[in-house]
Amino acid sequence: MKRRRVRPTSPAIRLRGYRYGDRRSGRKMLFCSCCSGCMRWLGNGPKGKYFSGREVTNKSHRRSKICSNYVISPLLSKRPSDGRRQTIQNDMKKRIEISAILANPQLDTEVTVMGWVRAFRNNRFIALNDGSTQNNLQIVADNEQFAEELLRKISFHACIAVTGQLTASLGSGQAVEIQASHIEILGECNPESYPLQPKRQTMEFLRSKAHFRPRTSTFSAVFRIRHAIAFAIHKYYNDRGFYYLHSPIITGSDAEGAGEMFRVTTLDVENLPRTEAGEIDWKEDFFGRSANLTVSGQLQAEIGALALGKVYTFGPTFRAENSNTPRHLAEFWMIEPEMAFCDIYGNMDLAEDFCKYLIRYVLDNCYDDVAALDARLKEEEKSLPADKRRPMGLEEQLRFVLDNDFERITYTDAIRILQNSKPYKKGQFEFPVEWGKDLQAEHERFLVEKEFKKPVIVRNYPKVFKAFYMRLNDPEPGVPGDTVAAMDVLFPGIGEVIGGSQREERYDVLRSRIHDMGIHEEELWWYLELRKFGGAPHAGFGLGFERMVQFITGMSNIRDVIPFPRTPKSAEF
RNA sequence: GCCUCAGUAGCUCAGUCGGUUAGAGCGGCGGACUGUUAAUCCGUAGGUCCAAGGUUCAAGUCCUUGCUGAGGCGCCA
């Protein structure tokens with residue numbers, strides 16, 4: 001069948017759709033064209049060359065066959081002439097988003113807006129928010145013009161539709177407002193039983209009301225910014241020639257070396273199949289083997305990089321660790337770029353440029369949201385003693401990161417700096433500082449927040465506490481032991497945002513590392529073969545998406561930057 | 001997983017050495033208010049003091065266990 005766009009058959013009826021001709025019957029069939037995926041059937045046309053839009057459209061409309069996105073002809077959207085009240089259905093097509101009104105206000109025109117009531121002051125002024133922007137639009141409701149019954153229903157977070165003239169505001173807090181001529185309650189919100197209130201509420205409380213918290217100013221700002229960062233990530237890599245590679249969410253490998261995993265099974269847990277030896281028989285399971293949720297897409301990303309050159313993954317990641325901190329989630333999103341023909345230095349360059357790009361993108365595109373979060377933090381910190389307050393405001397902090405180069409040091413440098421530090425000499429560190437021991441949070445925090453006062457990239461860690469796939473460095477004078485080309489990007493407040501490395505591309509070296517760490521070689525046969533056949537030097541890193549959102553929004557708990565957080569003992573919503 | 005703290009009205013919290021009828025602010029409800037910006041003013045209702053057990057003449061308060069939450073640490077992104 002040939003797909004062909006249908007032209008309007010008459011000026012009055014603008015019909016949009018794709019027409020398929022059936023050769024055998026000669027009938028024409030019309031399908032919706034609201035989007036490339038929509039195949040909603042709108043009706044059969046009559047035989048013959050011409051297609052009657054009116055007939056089909058009217059018939060389809062009566063039978064509710066038209067896709068909701070389908071552009072209705074002017075004929076249908078015209079208001080009924082018999083004076084019947086216009087329906088919401090028609091209003092919705094006229095609805096303008098508040099962001100559009102505020103960006104480009106057409107004064108003295110009639111507009112229709114829909115959204116949720118943030119405040120109803122003086123029985124006259126409604127602050128309306130529809131989620132399209134941080135800013136509310138003020139609705140002026142002349143209370144003699146509206147029934148008391150209606151006004152009573154304009155309560156906190158009730159959903160309403162308002163039509164009226166857009167005018168310059170007489171008040172001082174806003175530039176424009178709507179003089180309401182028509183108000184409709186789309187969804188009542190009984191304040192006696194609705195859990196949220198027009199007042200400050202704690203993050204803990206709002207977390208327990210995850211189905212309503214996006215309506216608050218703080219969370220809507222966070223989720224708009226979260227979206228912007230996600231979008232910017234794709235844009236960043238796409239613009240630089242990376243390919244988005246979908247790494248699997250279910251994995252059969254448990255040798256990824258990144259923590260405890262969630263098991264995926266269809267076996268009856270009440271009655272597990274056993275082998276003769278009495279062990280659980282995973283051959284009976286859905287995949288014919290033991291399977292888990294992924295803890296990293298890195299190993300698969302390496303497959304991509306060694307064919308497509310530059311790839312990135314961006315997907316959910318699962319860690320079944322009992323981590324009870326404001327920086328950990330059991331389900332989080334991770335971005336893992338992987339580049340062939342790249343070493344640890346190129347890796348660091350990408351990491352720094354990438355972080356800065358995301359921050360800049362948010363400042364350029366979500367300034368109102370950042371400003372609102374900044375103001376909120378400042379307000380919140382007023383009640384804290386001076387030494388507990390953040391050294392910088394949110395926006396100031398973001399600009400500071402943009403304006404300064406990240407400090408780049410080796411692990412060996414870091415140990416030396418720490419051993420010469422005041423807290424070390426005064427014995428204020430809880431954990432020992434010596435070459436060969438991993439840096440603890442208190443050490444990282446000292447480097448980032450006290451010594452350098454900006455993001456720090458630490459590289460070349462001892463191989464003993466790093467993963468098997470990291471590239472072994474040549475021995476260096478002044479370095480007491482073997483190191484690998486690993487790097488961590490440390491940010492103020494949240495610690496490690498990025499962990500990455502140059503990968504071990506030498507088959508023999510990798511194989512002996514796998515053996516040393518007690519990993520079964522058979523699990524990683526394909527990973528080893530990547531080195532055996534057409535291998536290349538390559539590098540990459542993992543960036544914790546929520547940690548970046550946390551840094552950019554200034555939220556102190558990671559559970560408040562993901563819509564539905566999953567943490568130990570918590571998977572509501 | 002370890003350590004610390006918390007759980008009292010719808011929300012945020014106070015409640016002294018174990019002692020009479022458990023309080024406040026905000027929010028809700030009723031009323032007033034035609035230029036408000038967390039509006040304001042007057043009035044009013046609202047409690048299984050997390051749960052179970054224990055000590056005591058007497059427990060919101062002390063003890064034990066459990067549950068939940070937060071913070072710190074570890075693991076990491």
Side-chain angles (χ1 to χ4, degrees), chain A residues 118-127 135-146 148 152 155-156 167 169-174 177 179 189-209 216-217 256-260 295-298 316-336 351 375-376 379 383 388 429-431 438-442 444-445 465-467 488-491 494-500 541-551 556-560 562 567-570 572:
Chain A
R118 285 274 174 87
F120 189 23
R121 289 184 288 267
N122 212 357
N123 220 5
R124 184 172 169 81
F125 302 101
I126 304 166
N135 302 303
N136 301 331
L137 182 61
Q138 174 151 292
I139 312 294
V140 183
D142 189 338
N143 54 14
E144 284 179 10
Q145 200 189 320
F146 297 99
E148 207 173 296
R152 203 185 301 276
S155 57
F156 182 63
T167 62
S169 177
L170 298 175
S172 56
Q174 55 284 317
E177 61 194 15
Q179 303 291 333
C189 191
N190 181 354
E192 266 185 286
S193 43
Y194 185 60
L196 302 197
Q197 294 166 7
K199 53 169 283 192
R200 290 210 173 282
Q201 316 220 56
T202 60
M203 291 296 123
E204 291 86 348
F205 174 73
L206 291 170
R207 216 171 286 151
S208 71
K209 311 280 177 253
T216 65
S217 163
E256 297 190 36
E260 297 296 311
V295 292
S296 164
Q298 180 204 315
T317 312
F318 308 87
R319 304 265 166 97
E321 258 140 23
N322 197 5
S323 301
N324 295 295
T325 84
R327 299 178 303 280
H328 289 87
L329 291 165
E331 178 183 286
F332 64 101
W333 288 63
M334 190 155 62
I335 301 99
E336 293 173 294
R376 182 191 148 267
E379 186 64 32
S383 60
K388 291 252 173 95
F429 286 134
E430 190 189 337
F431 291 89
D438 203 358
L439 298 179
Q440 301 296 315
E442 58 178 358
E444 294 179 348
R445 198 167 299 142
F465 55 78
K466 286 291 181 184
D488 284 353
V489 180
L490 311 173
F491 266 42
I494 45 173
E496 190 179 340
V497 172
I498 285 178
F541 60 78
L543 178 137
F545 180 58
E546 281 78 11
R547 288 197 181 163
M548 185 51 90
V549 180
Q550 225 187 321
F551 180 74
S556 53
N557 195 313
I558 201 166
R559 295 161 209 183
D560 299 327
I562 187 167
T567 54
K569 302 272 180 285
S570 170
E572 189 79 62

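Note on naming: letters A, B, ... go to the chains in the order of the sequence lines (proteins, then strands), and numbering restarts at 1 for each one.
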Under 3.5 Å, side chain of [X] to main-chain N/O of [Y], donor-acceptor pair present?
| X | Y | value |
| --- | --- | --- |
| A/Glu546 | A/Trp333 | yes |
| A/Glu177 | A/Val140 | no |
| A/Asn557 | A/Arg559 | yes |
| A/Glu321 | A/Glu260 | yes |

What nucleic acid atoms does [X] come within less than 4.0 Å of, heavy atoms only: base, sugar-phosphate, or nothing?
| X | result |
| --- | --- |
| A/Ser172 | base |
| A/Glu546 | nothing |
| A/Ala441 | sugar-phosphate |
| A/Ile494 | nothing |
| A/Glu144 | base |
| A/Asn136 | nothing |
| A/Phe332 | base |
| A/Asp488 | nothing |
| A/Arg445 | sugar-phosphate |
| A/Gly171 | base |
| A/Thr317 | nothing |
| A/Arg319 | base |

Taking syn as within 90° of 0 and anti otherwise, name the glycosidic form of B/C17. syn
The side chain of [X] is closest to which nucleotide in this list: [options]?
| X | options | answer |
| --- | --- | --- |
| A/Asp142 | B/U34, B/G69, B/G28 | B/U34 |
| A/Arg547 | B/G35, B/C76, B/U12 | B/C76 |
| A/Leu329 | B/A39, B/G71, B/A77 | B/A77 |
| A/Phe431 | B/U37, B/C73, B/C29 | B/C73 |

Rounding to a whole Å, what distance do you find between [X]:[atom1] and [N]:[atom2]?
| X | N | atom1 | atom2 | result |
| --- | --- | --- | --- | --- |
| A/Phe545 | B/A77 | CZ | C1' | 13 Å |
| A/Met203 | B/C11 | CE | C1' | 13 Å |
| A/Met548 | B/A77 | CE | P | 15 Å |
| A/Asp438 | B/C73 | CG | P | 15 Å |
| A/Gln197 | B/U12 | CD | C1' | 10 Å |
| A/Glu321 | B/C76 | CD | P | 7 Å |
| A/Arg121 | B/U40 | CZ | C1' | 12 Å |
| A/His328 | B/C73 | NE2 | P | 11 Å |

Which residue lies toward the 5' end of RNA chain B, A/Gly544 or A/Glu379, if each is placed at its nearest nucleotide? A/Glu379
Using the closest heavy atom to pick a nucleotide of RNA chain B for each, name whichever of A/Lys569 or A/Pro326 lands nearer the 5' end. A/Lys569
At their closest point, which heavy atom of [X] faces which heavy atom of [Y], and how far apart are they?
| X | Y | answer |
| --- | --- | --- |
| A/Val295 | A/Arg319 | O-NH2, 2.7 Å |
| A/Ile494 | A/Arg547 | CD1-O, 3.1 Å |
| A/Ala141 | A/Ile126 | CB-CD1, 4.4 Å |

Between [X] and [N], is there a contact of a side-chain N or O with OP1 or OP2 at under 4.0 Å?
| X | N | answer |
| --- | --- | --- |
| A/Arg559 | B/G69 | no |
| A/Gln138 | B/U37 | no |
| A/Asn322 | B/G1 | yes |
| A/Thr202 | B/U12 | yes |
| A/Asn324 | B/C2 | no |

Please indicate yes or no: is the ring centre of A/Phe125 less than 5.5 Å from the centre of the six-membered base ring of B/G35, with the two planes inclined by under 30 degrees? no
Applying the Watson-Crick and G-U wobble criteria at under 3.5 Å, what pairs with [N]? Answer none if nothing qualifies.
| N | answer |
| --- | --- |
| B/G47 | none |
| B/A52 | B/U64 |
| B/U21 | none |
| B/C73 | B/G1 |

Tell me if the side-chain of [X] makes a donor-acceptor pair with the base of [N], cut-off 3.5 Å, by modelled atom types.
| X | N | answer |
| --- | --- | --- |
| A/Glu177 | B/U37 | no |
| A/Thr325 | B/G72 | no |
| A/Arg327 | B/C75 | no |
| A/Arg124 | B/U36 | no |
| A/Ser323 | B/C75 | yes |

Working note: A/Glu331 + A/Thr317, criterion side chain to side chain contact (heavy atoms under 4.5 Å, CB included); need CA distance, chi angles, decisive distance, verdict. CA-CA 6 Å; A/Glu331 178 183 286; A/Thr317 312; over 6 Å; no
